[in-house]
Amino acid sequence: MAFAIQFLIDVLSLGGAYALMALGLVIIYGILRLVNFAYGELIMVAGYTMFLTSGSGLPWLLMAVLAVVMAIVFGILTDYVAFRPVRAKSVTAVLITSFAFSNLLQNAALLFISPRPRNVPLPDIFSQTVSIGGAITPVRNLITIAASIVLLAAVAFLMRKTTLGIAMRAAATNFTMARMLGVPANLIISSAFALSGFLAGVVGLLWIGRIGTVVPGVGLEPLLVAFIATVIGGMRSLPGAVVGGFLLALIDTTLNYTLSQDLLKFRDAFTFSLVILILLWRPEGLIKGPASGQRT
Amino acid sequence: MKHSYLTALILIAIIAVIAVGSQIIGIRLYDRIATNLLISLVLVVGLQTFMGNSGLLSFAHIGFMGLGAYTSAVLTIPAQMKGMALPDLYEFMKVVEISPLLAMLAAGVVAALVAAIVAYPLMRLSDAAAVITSFALLVVLYTVMNNWSALTNGPRTLFGLPKTTEMPIAAIVAAVVVLIALAFKESRTGKLLRASREDEVAAAALGANIPHLRWRAFILAAFIAGIGGALWGHFITSFAPKAFYLKETFLIITMLVIGGANTVTGAVAGTVLITVAYEGLRGTEATLNAASSGSGQVIGLTEIVLALAMIAVMIVRPGGLFPNREIGHILTRSRRKKEKTA
């Protein structure tokens, strides 16, 4: 029983974080059909904001808010630097500019801060543990589960009930038509980047809460996770991203418990091979998105 | 067709000038830079055969270079050194020791075989999904190289490769690879693939089996990457898996994209340009570090400048310096125009 609870909490907390990461990526992809390679760097930005403000004596919550705000700012900046100037040109051009922007941010962190890991301040509650039904769990896993439930519900509400959300979904389904009906293209795209930055900022706090330090390359793993989750779930569907995130967490956690120490080093290779198999079976991903329209 | 021969002639002449020029100057440093350039050229032109013709961005290329480098290493490290360089190597492989040239071919074949197996399902994907999975493939290859200690010595540096890559070999391989890339571009597969790059639906309607065409190009690219990896391994003689990861991927993609991914001329031009810029910037970085000894090292400046250059080129010329015509084609066209006006 204790084991089942432990397993469940592990899957849900990891899956919640993965789902949020994937969601931030799909929101951009759904509208622009473009992958944001600089997405992981938004998480890095949140982490370094925490590090840079750690000496200021602000309460932790305020620093956290500041970190999320910085992630949003950099999200919008990504749009202006890497996407807007080349958006109408080839897909490859945008992939490359966002890849270059990601490299730019990483190397700026290397140059101006340090290549070495930096400590990030965390409230005590992140390092405490509780016992539920005999399973000992770190409180941060429960926080992650709670945060992901709240955020997923909030995003679902935003997308379904508000004007902004409906306009974003309209733009994702048929961009040209949405524009003709008076949806302002640049505003929608910028808000999608802001939302993506917001999700990245929150995930950054939860993710870095697990590790406790931030390095320039910290965004790579979340980026990969988001990539794989979206490919499994279906590149264009928001529910797909969430399903993909939880499925990937299930695969990862199962491998963690079943693989021997020798094989555990190859866990990533196993996970990705499994993903290739899923794609062989369903090249479109598990859940199909809205009918594809023309890109900007 | 005539302009293709002209292109081949000009590109090979450029390679010859680099090779002979660096020998005449006779400075050890320039010799190293020029050899490095020619090896990069092999890799970038290899990537061009896939990326330029299919229009799909591939991140996995450097992973196949790594496979080639390790294959050649395992096959050529002298038997008496293997105990030290690769202590956990399987027994039957401890006695294997073949000539570096043969090993280079084996490196290409191994990379191509691995590519043939893993890429078959991936080639059905288009657009972003294809790019993302190629990124995942790079991570898989890196993870395997980093952890298969028996064959790669794990994350530690592998040493003891015989230094057999000299300037002439690098130049010959680079010239052959340029010829292969040009020939592939004009072959039936290459032409159909380029048609699918321009319009996937129309090409498929004309009967092009797109996944299969892409698969062939991907195998060829991996084969060339494997050869390039072996060439590099025997040049540098000691390396670790992290030599085949994101930083190098960024570098070769920068070279190809700034030059122009659709043409072999672009691949060559980009490689030459970026190598010169990279060495210049690294020199500046080293001078800055020497001047401010101790207090705050300058790291990452080179990459920042290259990233800015890449974004700028994408905004101004999204197709790179040579977006769709090879150099020979441009020359014959401009001559024909002159004749007309005269």
Side-chain angles (χ1 to χ4, degrees), chain A residues 25 29 33-35 37 81-82 85-86 88-112 114-115 216-217 220-221 223-224 226-228 230-231 235 262-273 275-277 279-281 283-285, chain B residues 51 55-57 59 118-122 124-129 131-133 135-137 139-144 146-149 154 211 245-247 249-250 253-254 256-258 261 296-320:
Chain A
L25 199 71
Y29 186 82
R33 312 273 180 285
L34 295 170
V35 178
F37 269 96
V81 175
V86 283
K89 292 168 187 159
S90 76
V91 181
T92 316
V94 189
L95 282 173
I96 287 164
T97 48
S98 75
F99 187 54
F101 190 62
S102 138
N103 251 280
L104 185 70
L105 290 180
Q106 268 192 38
N107 283 291
L110 268 180
L111 183 61
F112 296 117
S114 169
L220 178 65
E221 209 189 327
L223 179 75
L224 274 173
F227 274 0
I228 300 311
T230 49
V231 172
M235 287 296 294
D262 272 352
L263 288 173
L264 200 56
K265 294 183 291 188
F266 292 100
R267 194 195 71 189
D268 282 355
F270 279 112
T271 313
F272 290 124
S273 316
V275 169
I276 293 177
L277 286 180
L279 286 174
L280 196 63
W281 167 52
E284 296 267 307
Chain B
M51 208 172 124
L56 298 176
L57 194 57
F59 282 105
V118 296
Y120 198 73
L122 299 184
R124 301 203 302 171
L125 305 170
S126 280
D127 286 350
V131 178
I132 290 176
T133 41
F135 199 80
L137 188 56
V139 177
V140 171
L141 291 172
Y142 175 72
T143 312
V144 170
N146 220 351
N147 292 305
W148 199 344
S149 299
Y245 210 31
L246 293 171
K247 204 177 166 190
T249 304
F250 178 62
I253 289 183
T254 314
L256 183 55
V257 161
I258 287 186
Q297 294 278 300
V298 181
I299 335 162
L301 187 67
T302 311
E303 279 78 13
I304 291 180
V305 176
L306 286 183
L308 285 175
M310 196 137 116
I311 293 176
V313 169
M314 281 298 104
I315 293 173
V316 183
R317 282 185 80 107

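FYI, side chains are in, hydrogens and waters are out, and symmetry mates aren't considered; it's all heavy atoms of this structure. A, B, ... follow the sequence lines: proteins, then strands. Residue 1 opens every chain.
For the set B:Thr143, B:Val140, B:Ile311, the count of heavy-atom pairs under 4.5 angstrom toward chain A peaks at B:Ile311.
With a threshold of 4.5 angstrom between heavy atoms, A:Leu220 approaches chain B through side-chain atoms but not through N, CA, C or O. Contact of A:Pro216 with chain B is not made at all, since no heavy-atom distance falls under 4.5 Å. Only the side chain of B:Val257 comes within less than 4.5 Å of a heavy atom of chain A; its backbone N, CA, C and O stay farther away. B:Leu57 touches chain A through its side chain: at least one heavy atom from C-beta onward sits under 4.5 Å away, while N, CA, C and O do not. For chain B, the nearby parts of A:Ile96 are the backbone and the side chain; heavy atoms of each come within less than 4.5 Å. Only the side chain of A:Tyr29 has a heavy atom closer than 4.5 Å to any heavy atom of chain B.
A:Leu25 contributes atom CG, which lies 6.5 Å from atom CD1 of B:Ile132 (distance to the nearest 0.5 angstrom). Separating the CE atom in B:Met310 from the CG atom in A:Asn103 is a distance of 7.5 Å, to the nearest 0.5 Å.
When the ring-ring contact (aromatic ring centres under 6.0 Å, His included) test is applied to A:Phe37, the partners found at least two apart in sequence or on another chain are A:Phe99, A:Phe227, B:Phe59, B:Phe135.
When all heavy atoms of B:Ala307 and A:Ala100 are compared, the closest pair comes out as CB-O, 3.4 Å.
B:Val131 has its side chain out of reach of A:Val35: every pair of non-hydrogen atoms, C-beta onward, lies at least 4.5 Å apart.
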